[in-house]
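Position 1 is the first residue of the sequence, and the numbers go up from there. Atoms considered below: every heavy atom in the structure, side chains included; atoms not considered: hydrogens, waters and symmetry mates. Both ligands and their constituent atoms are indexed starting at 1 by order of listing.
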Amino acid sequence: MAGLCAAARARELGASPVVYEKGSRAGGSMLLSSGVVWRYRSFDEFRTQCPGGDERLQRLVFDRLDDALEWLESLGAPVIERETGNPLTRGVRFDTAGLTDALVRSAGDVRLEEPVMNTETAAGGVIVLATGGFQADRELVERLIRPQTPLRVRANRSSTGDGLRYATDRGAALSSGLDEFYGRNMADVDFDEHDFVGLAQVYGRFARIFNDDGDEFFDHNTVSWSELDLVQATARQPGARAWYLLDEEALDERVRYGTVRELVAQAPTRTEPSQLPFAAPVQAVVAVRVAAAITHTIGGLRVDDGARVLRGDGQPLDGLFAAGVDVGGISTGGYASGLACALVLGLTAAETALT
Ligand SMILES: Cc1cc2nc3c(=O)[nH]c(=O)nc-3n(C[C@H](O)[C@H](O)[C@H](O)COP(=O)(O)OP(=O)(O)OC[C@H]3O[C@@H](n4cnc5c(N)ncnc54)[C@H](O)[C@@H]3O)c2cc1C
């Protein structure tokens, strides 16, 4: 998303950008997403929810998002809903196929090929790195996020840290939150992109949560609204797995896409508590085996509020910008909309480079 936004804005400003896409189609994870581009209702809430994030970048995303959403609509991106369904946040839900079409049309020259990234390219002009993070690169995930076992990827598989490698090879600094990620606890089975939403088990806050050894490793009363803290903790358990144990009361709770009972009924890894490898609490009537899956990274390149990639000494690297998930440290300690960060940082990169 971020690269297309940067290119579309650069064209409006009179430049002739080229978007290189290494996948077989444009749109990246944006196309696979639920399409909700959102922010917290107040800046204080953003700071409270993501306390370790870079305040200048949070301010940028918060202040610019509403206008940026209007800009997206002005390109013809189709809106499905003007609500997020979450009292803490506000935003707009787009049809992601229509959003991708609108952005590709506006970006102009979008080539399905990997760019030849060398110093000559950099010297010849401006590069905006927007490769979507490093979640699909097993080595980087193991080194920086350190899950107990490799995580399944719940995102477009082309985001393998190319932007991060390119910039760090040239002296770029890394942000906070390198060991954090956005993801979901999924039913513990192999899946493809059609199951990214359907297999997500987002009701850990109503369950008792155990690992394979029978340790209750997370107090469900403390799970955050996004459940990211639980997902990250699950990634550090044996097999990066957990068991959600539910009693009758928990099954009657409502979540975004229905009741917990309805979701559990569709979970392919539900089982009888008596079948577990440990003694379950007596109230539990059903158990679901989940495994942590990664959607995108939270740490990444350090940038300033003009989207310039920074070196360790805080100075910008000449002609090098980053946007989207390649930018790290915006939501450290919590969760913020990846689509919003991609949109705002993409626009910002184009504007800083060209004005
Ligand atoms: C199931 C699901 C639901 C989601 N729902 C939401 C939601 O409702 N709201 C929200 O805010 N976020 C959501 N997200 C997250 C959101 O999709 C991402 O945060 C967002 O797409 C990030 O934008 P980006 O531009 O950084 O990366 P992407 O949109 O993934 O784009 C990066 C692009 O770079 C390409 N690329 C990688 N390496 C190279 C290279 N070397 N050369 C050329 N191209 C390269 C990739 O192929 C990809 O097309 C969801 C994600 C998923 C998977």
Residue, atom and distance of the protein heavy atom nearest atom 22 (C) of ligand 1 read V325 CG2, 3.6 Å
Pair L251, T259 - check side chain to side chain contact (heavy atoms under 4.5 Å, CB included), show working. CA-CA 7 Å; L251 290 173; T259 62; over 6 Å; no
Transitive ILVMFWY cluster of L31 at side-chain heavy atoms under 4.5 Å: who else is in it? none
Does [X] have its ring centroid less than 6.0 Å away from the ring centroid of [Y]?
| X | Y | value |
| --- | --- | --- |
| Y244 | Y203 | yes |
| W38 | F46 | no |
| Y182 | Y335 | yes |

With a cutoff of 4.0 Å, is T295 in contact with ligand 1, counting heavy atoms of the residue only? yes
Applying a strict 4.0 Å limit to heavy atoms, is G27 in contact with ligand 1? yes
Looking only at heavy atoms, is any part of [X] under 4.0 Å from ligand 1, and if so is it the side chain, the backbone, or both, or is it neither?
| X | result |
| --- | --- |
| A342 | side chain |
| D162 | side chain |
| H296 | side chain |
| P115 | side chain |
| N156 | side chain |

Inspect the surroundings of CZ in R143 and state if more than 12 heavy atoms from other residues, nucleotides or ligands are less than 6.0 Å away.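 More than 12 heavy atoms, drawn from other residues, nucleotides or ligands, come within 6.0 Å of this atom.
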